[in-house]
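A short worksheet on the structure shown next.
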Number of protein chains: 2
Amino acid sequence: MGDMSGEEVRWLTAEEQVSWRAYLRGNRELDIALDRDLQAAGISLSEYELLSMLSEAPRGQLRMSALAELIVQSRSRVTHTAARLERRGWVVRTPAPDDGRGVLLRLTDRGRAAIETFAVIHVGSVRRHLVDVLTPEQFAALGAAMQAVRDSYAADPAMPDPAC
Amino acid sequence: MGDMSGEEVRWLTAEEQVSWRAYLRGNRELDIALDRDLQAAGISLSEYELLSMLSEAPRGQLRMSALAELIVQSRSRVTHTAARLERRGWVVRTPAPDDGRGVLLRLTDRGRAAIETFAVIHVGSVRRHLVDVLTPEQFAALGAAMQAVRDSYAADPAMPDPAC
DNA sequence: CCGCTTTAGTTGAACAGTCAACTAGCGCGG
DNA sequence: CCGCGCTAGTTGACTGTTCAACTAAAGCGG
């Protein structure tokens with residue numbers, strides 16, 4: 001992996017440090033702000049993301065594993081989160097018709113109503129804390145950069161083999 | 001809440017959606033990758049950040065509250081994290097000389113040795129997953145955008161008054 | 001069609017993070 | 001110099017996340 005043996009460490013330059021710190025802290029601040037706004041309405045950001053993916057899916061339903069991949073959460077976490085949302089009556093679990101192991105998570109009518117309310121709050125929050133504080137060019141550049149990160153992550157799913 | 005009265009909701013445009021999603025997911029993937037690399041070495045990213053701030057501070061020491069603000073974590077969280085690091089022998093708590101309520105957290109020699117090891121791993125991780133997958137321009141733009149987010153957050157510490 | 005490995009998902013215990021309540025020292029107004 | 005509110009930090013209970021172990025079905029090779 002990386003630099004195996006006696007490689008020199010390539011420290012960040014002063015400018016890189018500045019960008020990196022801005023990313024790290026800004027990121028945290030943004031997460032806090034977005035979560036705070038949704039929490040005030042009674043849902044967490046990660047729960048919202050799950051519901052949101054369901055609401056966009058063909059019949060308001062998705063396989064647990066598909067969901068996990070979409071929102072970048074562990075299977076276990078999705079199981080727990082889904083259980084919480086199920087208790088609230090926003091989703092239901094049904095066995096997948098084609099695969100005996102699979103589970104389809106489906107948005108209920110109440111779930112759909114709920115997420116429509118949350119979406120209004122959330123979009124306002126995203127605008128206020130992110131979109132509207134950047135120029136359109138800045139925002140586009142941010143998106144492009146993060147997409148590049150995603151692409152490289154996808155190319156390297158779970159770290160190269162130690163044997164490399 | 002959100003839009004006070006009969007305001008229209010300003011949904012994200014298709015392009016904005018794409019950027020926003022890339023940010024949200026990419027961000028999560030990056031956090032996972034960075035944390036995974038540090039965890040393999042035996043420390044979490046947030047613990048690392050705390051030690052890192054201490055290592056850069058004048059006498060390797062900082063007030064709890066200063067630390068909390070620097071790494072954007074709640075006071076409570078810093079207390080818990082510091083307790084964990086103290087158990088590992090990497091930091092010590094001492095009463096602040098000038099303020100009877102205050103606590104100074106100081107890096108021990110073992111703590112400094114530890115963080116030097118972690119730093120090598122971490123910088124490699126940051127390069128591999130972020131810096132090196134972007135052009136210098138992209139990375140600078142990312143930093144600038146997130147700095148703008150920070151600035152707006154700082155201007156608006158805990159949400160505008162409902163009276164606005 | 002019988003093992004074997006892989007994939008889907010769940011479970012419960014351990015751990016980290018949040019929240020609200022609390023202690024204690026500071027600092028100000030009178 | 002006393003009372004009151006504010007700031008610093010801690011605590012413990014609760015909630016959410018992670019991790020490793022588990023069940024069960026699918027797929028694959030012989």
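As the structure is a computational prediction, the values presented were derived from the model and not from experiment. In what follows, every chain begins at residue 1, and chains take the letters A, B, ... in the order their sequences are listed.
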Treating primed atoms plus P, OP1 and OP2 as sugar-phosphate and everything else as base, which nucleotides of nucleotides 1-13 of chain C get B, S or - for protein heavy atoms under 4.0 Å?
------BSSBBB-
Length of the [atom1]-[atom2] vector between [X] and [N], whole Å:
| X | N | atom1 | atom2 | answer |
| --- | --- | --- | --- | --- |
| B:Gln73 | C:dC19 | CD | P | 14 Å |
| A:Ile32 | C:dC19 | CD1 | P | 10 Å |
| A:Leu50 | D:dG16 | CG | C1' | 14 Å |
| A:Gln39 | C:dA20 | CD | P | 11 Å |
| A:Glu49 | D:dT17 | CD | P | 11 Å |
| B:Arg77 | D:dT11 | CZ | P | 18 Å |
| A:Leu38 | C:dT18 | CG | P | 16 Å |
| B:Arg36 | D:dT18 | CZ | C1' | 15 Å |

Search all heavy atoms of A:Leu105 against all heavy atoms of A:Ala82 and return the closest pair with its distance.
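Nearest pair, atom of A:Leu105 first, then A:Ala82: CD2-CB, 3.7 Å.
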How close do A:Glu16 and A:Trp11 get, counting heavy atoms only, and between which atoms?
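For A:Glu16 versus A:Trp11, the nearest heavy atoms are OE1-O, 4.3 Å.
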When the nearest nucleotide of DNA chain D is assigned to A:Thr81 and to A:Asp98 on a heavy-atom basis, which residue is associated with the more 5' position?
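That would be A:Thr81.
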How about B:Tyr23 and A:Asn27: does a side-chain donor come under 3.5 Å of a side-chain acceptor?
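Yes - a donor-acceptor pair under 3.5 Å links their side chains.
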Neighbour count above 12 (heavy atom, 6.0 Å) for B:Gln39 CD
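More than 12 heavy atoms, drawn from other residues, nucleotides or ligands, come within 6.0 Å of this atom.
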Would you indicate what B:Ser46 reaches in the nucleic acid, counting non-hydrogen atoms under 4.0 angstrom: base, sugar-phosphate, or nothing?
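Touches sugar-phosphate only.
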Charged N to carboxylate O below 4.0 Å: is that the case for A:Glu56 and B:Arg21?
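The answer is yes: the pair qualifies as a salt bridge.
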Within-4.5 Å side-chain heavy-atom neighbours: B:Arg28 and B:Ile32:
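The answer is yes; the side chains approach within 4.5 Å.
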